[in-house]
Amino acid sequence: MHLLVVTGMSGAGKTQALRKLEDLGYFCVDNLPSEMLSGFVALCERVVPPVDRAAVVIDSRVNVFKYDLVRALDLLEKKVESCSVIFFDCRDEVLERRYNETRRRHPISSEIRKGIAGERELLSDIRDRANHIIDTTALKPMELNRELERILNISNDAFSLTVMSFGYKRGVPFEADAVLDMRFSPNPFYEENLRCLSGLDKPIQDFVFQDEDVRALLDYTEKMLTKLIPRFQEQDKHRLLVAFGCTGGRHRSVCAAEELFRRMKDKVSSVVIHRDLVTEGTDITDRTGGVKK
């Protein structure tokens, strides 16, 4: 098991680092008292399958337990395969500005400057013990993430695209990054012989794609995603959800989502989800007495 201990000055970026480490596959725990480190490691090793990479944030707040973090780490090194300490630091004036901007209280003292000075003294030993020191004074969030990847020798370049269909009658998916409205195109629901079919069926697809504007929208969307996904990756973004909506979420939106998935799946890791396909099919059957397909 590899244990990563994240510590350092309050306001220097530990919370953001923990979020990044979660994205990199670490099992993460925030604000763990150092006296509980050995028990935490034992717990990680007992679970099935065992946790092979874990990260814990330990900061100056553990001082209330009067427990020596450096001593705890020295004892722990004999129990784990590897243990690394990353210390996050930042210039005092920048830390003070960050606290003033967020209007948060410093964990050591209600007086920010006094808190920063006291925390430096409390953490001086662990700073000397750290394997890596990251100064976030001039780092942007994306740069901090890349510095973590560099230190850990981990690349997180994978990108996943989710294409979803949905029905507006049940609400727009709040998690969508881009929403495309298919209601400009004729609705197959009003064709009696098509009503109980879905966008997975060829007769519906033929009906929807006879509209040249539907084909044009998909062409534009494919080109846009092909161009923008590398830009998202440059900004350290690794997931994108594109949602197509129609009235019920069974006909037009399903056709569009399936077609975009077909076009993109060989370019980037992709999945397709039809949120309301089954629900709308049941609703149509209940309302019309038609045969559910």
Side-chain angles (χ1 to χ4, degrees), residues 23-25 142 145-146 149 154-284 292-293:
D23 291 341
L24 292 174
M142 183 177 61
N145 291 341
R146 289 177 177 170
E149 291 179 1
I154 294 176
S155 176
N156 192 30
D157 293 331
F159 191 94
S160 62
L161 171 67
T162 299
V163 186
M164 177 185 288
S165 68
F166 72 94
Y168 278 95
K169 64 193 293 185
R170 296 177 181 86
V172 177
F174 71 89
E175 70 272 29
D177 298 297
V179 175
L180 298 168
D181 191 340
M182 299 300 299
R183 291 176 296 181
F184 66 84
S185 186
N187 191 348
F189 175 85
Y190 296 109
E191 301 292 328
E192 189 173 353
N193 62 319
L194 300 177
R195 182 175 299 154
C196 292
L197 301 178
S198 79
L200 299 177
D201 297 307
K202 191 174 186 304
I204 295 290
Q205 295 167 1
D206 291 341
F207 179 89
V208 171
F209 291 130
Q210 70 183 352
D211 187 338
E212 64 179 19
D213 288 333
V214 170
R215 300 195 303 271
L217 174 64
L218 286 163
D219 290 341
Y220 294 147
T221 304
E222 179 187 6
K223 291 177 182 177
M224 176 187 70
L225 292 176
T226 302
K227 184 176 181 64
L228 292 185
I229 283 176
R231 299 296 305 276
F232 280 121
Q233 290 177 290
E234 289 174 6
Q235 298 300 317
D236 204 34
K237 307 297 182 184
H238 302 283
R239 296 181 296 273
L240 190 68
L241 194 160
V242 177
F244 290 92
C246 62
T247 305
R250 183 170 172 83
H251 299 121
R252 294 164 290 180
S253 62
V254 172
C255 283
E258 283 287 329
E259 177 63 15
L260 183 65
F261 169 72
R262 185 189 67 80
R263 295 183 184 201
M264 297 300 298
K265 64 182 180 180
D266 293 330
K267 299 180 181 181
V268 63
S269 176
S270 304
V271 295
V272 61
I273 298 172
H274 301 303
R275 192 191 73 177
D276 299 326
L277 173 66
V278 175
T279 303
E280 180 64 11
T282 301
D283 187 46
I284 291 174
K292 179 183 174 185
K293 187 169 178 68

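- The salt bridge (Lys or Arg N to Asp or Glu O under 4.0 Å) pairs that include a residue from residues 264-275 are Glu222-Lys267, where partners are two or more places apart or lie in different chains.
- In this structure Ser160 satisfies the side-chain contact (heavy atoms from CB on, under 4.5 Å) test together with Arg239, sequence neighbours excluded.
- By the side chain to side chain donor-acceptor pair (under 3.5 Å) test, Glu234 is found to be paired with Arg231, residues two or more places apart in sequence or in another chain being considered.
- A search for side chain to side chain donor-acceptor pair (under 3.5 Å) contacts involving Thr279 returns nothing, not counting sequence neighbours.
- Partners of Arg183 according to the salt bridge (charged side-chain N to carboxylate O under 4.0 Å, His left out) rule, which considers only residues two or more places apart in sequence or in another chain, are Asp181.
- Residues passing the side chain to side chain donor-acceptor pair (under 3.5 Å) test with Asp177, sequence neighbours excluded: none.
- Ionic pairing of Glu259 and Arg263 is present here: one or more N-O contacts between side-chain nitrogen and carboxylate oxygen are shorter than 4.0 angstrom.
- By the side chain to side chain donor-acceptor pair (under 3.5 Å) test, Arg146 is found to be paired with no residue, residues two or more places apart in sequence or in another chain being considered.
- For the ring-ring contact (aromatic ring centres under 6.0 Å, His included) condition, the pairs that include at least one residue of residues 160-219, sequence neighbours left out, are Phe166-Tyr168.
- A search for side-chain contact (heavy atoms from CB on, under 4.5 Å) contacts involving Ser165 returns Ser253, Val254, Ala257, His274, not counting sequence neighbours.
- When the side-chain contact (heavy atoms from CB on, under 4.5 Å) test is applied to Leu228, the partners found at least two apart in sequence or on another chain are Met224, Phe232.
- Under the salt bridge (Lys or Arg N to Asp or Glu O under 4.0 Å) criterion, the residue pairs touching residues 204-218 are Lys202-Asp206, with sequence neighbours excluded.
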